[in-house]
Amino acid sequence: MTTLLQLLISGLALGAIYSLVALGFTIIFQAGIVNFAQGSFMLVGAYLTSWTTLNLGWNFFLSLLLAIAVTVIFGVLFDRFILTHVHHTGHFTVIMITFGLEIILKSIVQAMAGIDLRGNGDLWGKAGFNIGEIRFNINDLIAIGISLVLLLVFFAVFKYSKQGIAMRAVALDTEAAAAVGINVPRVNAITWAIFAAVTTISGVLLAGFPRSLDTSLGDTALRALPAIVLGGLGSTSGAVVGGIVVGLAEVLVAGYGTEINKFVPIGSGAQTVAPYVVLLIVLLVRPQGLFGKKGVERV
Amino acid sequence: MSQSLTSASTLPAEPGQDVLLKAEDITLKFKGVTALNAVSFDVRPGELFAVIGPNGAGKTSLFNVLTRVYQPIGGAIHYNGLDLLSLRTDKLASVGIARTFQNLGLFPLMSVLENLLVCRHHLMKSGVVLGGLHFGLSAKEERSHRAYCLEIANLLGLTRWLERTARDLPYGIQKKIELARALAMEPKLLLLDEPVAGMNHEETEEIAQIILTIQSQMKIAQVLVEHDMAMVMGIADRVMVLDFGQRIALGLPGEVQANPEVIRAYLGDGDY
């Protein structure tokens with residue numbers, strides 16, 4: 001029982017971070033872009049925070065703000081000066097460009113930072129406390145708390161605000177959105193800014209205890225893909241639920257690996273596969289994903 | 001082109017009549033094909049102005065020029081003291097031009113009310129933070145926008161559908177929602193792209209009635225691009241006929257209907 005509770009807390013913390021990653025992917029997807037560069041945004045954000053804190057001695061929060069500012073500006077410029085010009089040429093072009101950006105940024109980070117593990121620079125490190133036999137890591141609690149707040153703010157803004165309604169309108173029909181007076185390029189810029197901020201925060205949280213920072217961090221963005229499909233491609237609520245399911249599945253399978261092996265010899269490392277197994281089962285029952293609408297609006 | 005019946009100036013001028021939109025010699029070409037050839041017309045405030053013509057006449061091209069999708073290679077369009085051709089599509093809302101789409105341009109996953117509220121976007125002042133949190137001025141402002149949308153919905157008989165998701169509703173209702181959305185923008189000029197395409201007789205009657213209500217009660221000028229000649233002749237103030245990108249007639253419905261060139265181009269070939 002203690003093990004289960006312990007794993008549920010870690011799983012929830014990891015799932016909360018995956019939710020942020022999946023949400024970031026989804027809002028860009030809703031703007032009509034399949035974005036394979038998300039991992040490099042996480043990477044750049046986390047390394048900038050880590051470097052300015054640990055190497056330059058800045059305050060962690062100041063570093064985080066700077067990292068957010070840099071990735072936000074970069075994301076907005078990337079959309080305005082590159083994606084806008086190729087968007088009409090088709091999805092494959094866009095996919096290849098985001099894929100290329102991922103490779104370029106990852107290589108730059110690898111060249112500058114090397115492959116050593118490092119801390120993310122946060123103030124709480126591996127601090128935590130015990131209640132009974134259960135260990136609460138501060139980083140886990142912060143991950144859950146921050147994700148919760150960000151998600152609530154996002155959904156409130158998305159549902160009720162002028163900008164949120166404009167974002168949804170652009171996602172549903174760009175031409176009609178322009179016809180009712182929505183400045184589409186501006187909405188796209190705001191979308192990229194939100195994406196970059198959320199992605200940087202998720203990257204920094206993901207590099208915190210019990211994990212650490214290295215250049216494979218960005219691969220996590222790929223691990224959020226089953227979360228996105230599981231939740232229903234293009235659905236923001238689905239991204240959040242999918243993220244939590246994938247986080248829990250990963251942590252539970254890792255935690256119970258030994259027990260599972262007694263019944264089914266799956267060997268070690270099964271946690272990497274677990275999200276895809278859950279994904280398969282869900283898609284067999286609900287091909288459109290948990291929150292997906294039948295028939296995709298935009299492909 | 002000899003145009004015996006086409007001069008708008010031959011029509012009796014009403015007192016205080018001025019021009020809301022004036023298009024002069026609009027020429028549009030696609031890779032050598034002339035879609036519109038020196039087309040000129042004007043639309044007066046509150047007027048119901050129809051553009052008709054057989055398939056391929058250039059109706060849609062003209063509509064796309066007016067909605068700033070296509071840029072003509074020649075000509076000028078003056079709208080309410082502005083150079084329309086210098087405006088981007090998303091600026092039209094703020095100068096008072098609204099449009100509907102031939103194949104429905106609703107936001108399918110939003111509720112009917114949200115579809116209407118989106119159109120108030122250009123009229124809303126508060127930005128993301130206040131708007132998101134429903135505080136102070138913002139809440140008051142939103143109430144007034146909401147009230148306006150409810151009024152429009154009521155006028156078009158959509159009140160009972162307000163909370164429903166747009167795409168779950170029948171096509172006829174969706175068409176009305178689209179009209180309501182355009183009206184919620186408080187336009188001076190409404191551009192309608194074949195509003196009764198694909199509709200049965202009753203639905204066509206209903207839309208025609210709404211268009212007349214917009215004209216008589218709201219005094220909004222309308223440019224109606226339409227294939228359905230019978231409907232147009234019944235409701236339009238003036239009609240312009242296009243054929244192969246040329247204006248072949250412009251005048252009162254009765255005059256246009258009697259024009260031999262129109263009969264030959266539009267009615268004579270059995271296309272209608």
Parallel, tilted or perpendicular for A:Trp192 and A:Phe195, by the 30°/60° rule?
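Correct class here is perpendicular.
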Please verify the inter-ring angle class for A:Phe158 with A:Phe154; under 30° counts as parallel, over 60° as perpendicular, anything in between as tilted.
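Because their plane-to-plane angle is under 30°, the rings of A:Phe158 and A:Phe154 count as parallel.
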A:Ser19 side chain to A:Val240 backbone, donor-acceptor under 3.5 Å:
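Side chain of A:Ser19 to backbone of A:Val240, a donor-acceptor pair under 3.5 Å: yes, one is there.
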Does the pair B:Lys175/B:Glu203 count as a salt bridge with the N-to-O cut at 4.0 Å?
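No salt bridge links B:Lys175 with B:Glu203.
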Side chain from CB out, backbone as N, CA, C, O: work out which of these in [X] comes under 4.5 Å of a heavy atom of chain A, or both, or neither.
X        : result
B:Arg120 : neither
B:Ser94  : neither
B:Leu106 : backbone
B:Met185 : side chain
B:Arg88  : side chain

Taking C-beta and beyond as the side chain, do B:Pro195 and B:Glu226 meet within less than 4.5 Å on heavy atoms?
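Heavy-atom side-chain distance check passes, below 4.5 Å.
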Top of A:Asn183, A:Ile190, A:Ile165 for chain B proximity - count of heavy-atom pairs under 4.5 angstrom
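The answer is A:Asn183.
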